[in-house]
Amino acid sequence: FVKSNSLASLPPLLPRCQEVEKTHFDTPTMKDLVWAVSHCWSNERHPDPRGWKRDALLECLASVDEGGHSRYLFLDFLSVPQKPFQHSQLHRTQDQNHTFRMAQLHMRNIYFMADRIA
């Protein structure tokens with residue numbers, strides 16, 4: 001899961017999960033809040049090529065007081081290894097493909113168990 005306070009430090013054209021520093025991820029505890037973000041992709045290569053969804057999500061996160069609880073995001077593009085959307089990017093590794101398939105199998109649980117759906 002992505003630490004919600006890490007989202008603002010990422011570029012508007014969000015990088016793929018596998019290109020984000022590991023320090024931006026962590027496993028939430030029972031005390032933390034998980035937001036599962038559901039959205040359509042504007043094209044098949046990148047869900048937010050102009051950064052508008054990222055900005056809207058940052059506004060939404062800023063407008064909600066969670067009482068001091070840490071927040072984590074499940075945002076598919078940032079949470080699950082993705083295919084390349086630029087020529088210079090590598091294809092997913094075998095391990096990343098496995099992670100992607102496992103995420104697909106358990107996706108409904110992520111949304112079902114989330115504290116918030118955005």
Side-chain angles (χ1 to χ4, degrees):
F1 290 86
V2 179
K3 298 174 185 177
S4 68
N5 58 0
S6 291
L7 188 61
S9 67
L10 298 175
L13 179 64
L14 293 174
R16 298 180 305 161
C17 164
Q18 58 266 47
E19 295 160 350
V20 177
E21 291 180 32
K22 300 300 178 205
T23 58
H24 293 293
F25 299 95
D26 205 352
T27 302
T29 68
M30 295 299 289
K31 296 177 185 177
D32 300 323
L33 295 173
V34 173
W35 287 43
V37 180
S38 178
H39 63 106
C40 65
W41 285 37
S42 57
N43 69 56
E44 67 182 51
R45 304 192 109 208
H46 196 284
D48 189 21
R50 293 185 177 86
W52 296 341
K53 292 179 187 180
R54 173 193 166 270
D55 293 346
L57 183 56
L58 285 170
E59 281 183 40
C60 183
L61 289 166
S63 72
V64 177
D65 178 11
E66 300 286 16
H69 291 279
S70 295
R71 288 187 291 209
Y72 292 86
L73 305 174
F74 177 81
L75 182 60
D76 55 3
F77 196 73
L78 286 176
S79 300
V80 180
Q82 301 295 320
K83 291 181 181 178
F85 67 89
Q86 295 175 333
H87 294 295
S88 61
Q89 294 172 326
L90 299 174
H91 290 277
R92 287 189 296 229
T93 65
Q94 211 169 1
D95 286 343
Q96 291 168 343
N97 278 326
H98 176 73
T99 299
F100 182 83
R101 286 190 301 277
M102 293 304 292
Q104 284 181 312
L105 287 172
H106 298 286
M107 193 77 59
R108 66 181 177 272
N109 297 328
I110 292 169
Y111 286 93
F112 181 72
M113 300 298 290
D115 297 293
R116 310 273 188 273
I117 305 290

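These values consider heavy atoms only, across backbone and side chains, with no hydrogens, waters or symmetry-generated copies.
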*Same apolar cluster: Ile117 and Val34, side chain cutoff 4.5 Å*: yes
*Any side-chain heavy-atom pair from Leu78 and Leu73 closer than 4.5 angstrom?*
no
*Mind checking side-chain hydrogen bond (donor to acceptor under 3.5 Å, both in side chains) for Trp41 and listing every partner two or more places apart, or none if nothing turns up?*
Asp76
*Could you check whether the rings of His46 and Phe85 sit parallel, tilted or perpendicular, using 30° and 60° as the cut-offs?*
perpendicular
_Arg50 vs Pro12 side-chain heavy atoms within contact, under 4.5 Å_ = no
*List for me each residue that meets salt bridge (charged side-chain N to carboxylate O under 4.0 Å, His left out) alongside Arg116, sequence neighbours excluded, and say none if there are none.*
Glu66
*Which pair of non-hydrogen atoms, one from Pro84 and one from Leu90, has the smallest distance, and what is that distance?*
CG-O, 3.7 Å
*Which heavy atom of Ala114 sits nearest a heavy atom of Ala36, and at what distance?*
CB-CB, 3.7 Å
*asked:* Membership question, hydrophobic clusters at under 4.5 Å side-chain separation (ILVMFWY): are Val20 and Leu75 in the same one?
replied: yes
*Between atom OG of Ser38 and atom OH of Tyr111, what is the distance when rounded to the nearest 0.5 Å?*
5.0 Å
*State, yes or no, whether a side-chain contact exists between Arg71 and Asp115 at a heavy-atom distance under 4.5 Å.*
no
_Tyr72 vs Lys3 side-chain heavy atoms within contact, under 4.5 Å_ = yes
*Among pairs that include at least one residue of residues 6-34, which meet side chain to side chain donor-acceptor pair (under 3.5 Å), considering only residues two or more places apart or in two chains?*
Ser6-His24, Arg16-Glu19, Glu19-Gln89, Thr29-Asp32
*Cluster link Met113 to Phe25, ILVMFWY, side chain under 4.5 Å*: no
*Residue pair Met102 / Leu105, side-chain heavy-atom distance below 4.5 Å*: yes
*Could you check if a side-chain atom of Cys17 sits within less than 4.5 angstrom of a side-chain atom of Pro81, using non-hydrogen atoms only?*
yes
_Could you check whether any side-chain N or O of Arg54 sits under 3.5 Å from a backbone N or O of Ala8, counting only pairs where one atom can act as donor and the other as acceptor?_
yes
*Please answer: with hydrophobic residues joined when any side-chain heavy atoms are less than 4.5 Å apart, are Ile110 and Val37 in the same cluster?*
no
*Is a donor on one side and an acceptor on the other found under 3.5 Å between the side chain of Lys53 and the backbone of His39?*
no
*Which distance, rounded to the nearest 0.5 Å, do you find between the CG of Leu14 and the CG of Leu7?*
6.5 Å
*Would you indicate whether the side-chain heavy atoms of Val2 and Ser79 approach each other to under 4.5 Å?*
yes
*To the nearest 0.5 Å, how far apart are SG in Cys60 and CG in Asp55?*
13.0 Å
_Are Phe74 and Met107 packed together at the side-chain level, in the sense that at least one heavy-atom pair is separated by less than 4.5 angstrom?_
yes
*According to a 4.5 Å side-chain heavy-atom criterion applied to Ile, Leu, Val, Met, Phe, Trp and Tyr, with indirect links allowed, do Leu13 and Phe77 form part of one hydrophobic cluster?*
yes
*CD (Glu44) with more than 12 external heavy atoms under 6.0 Å*: no
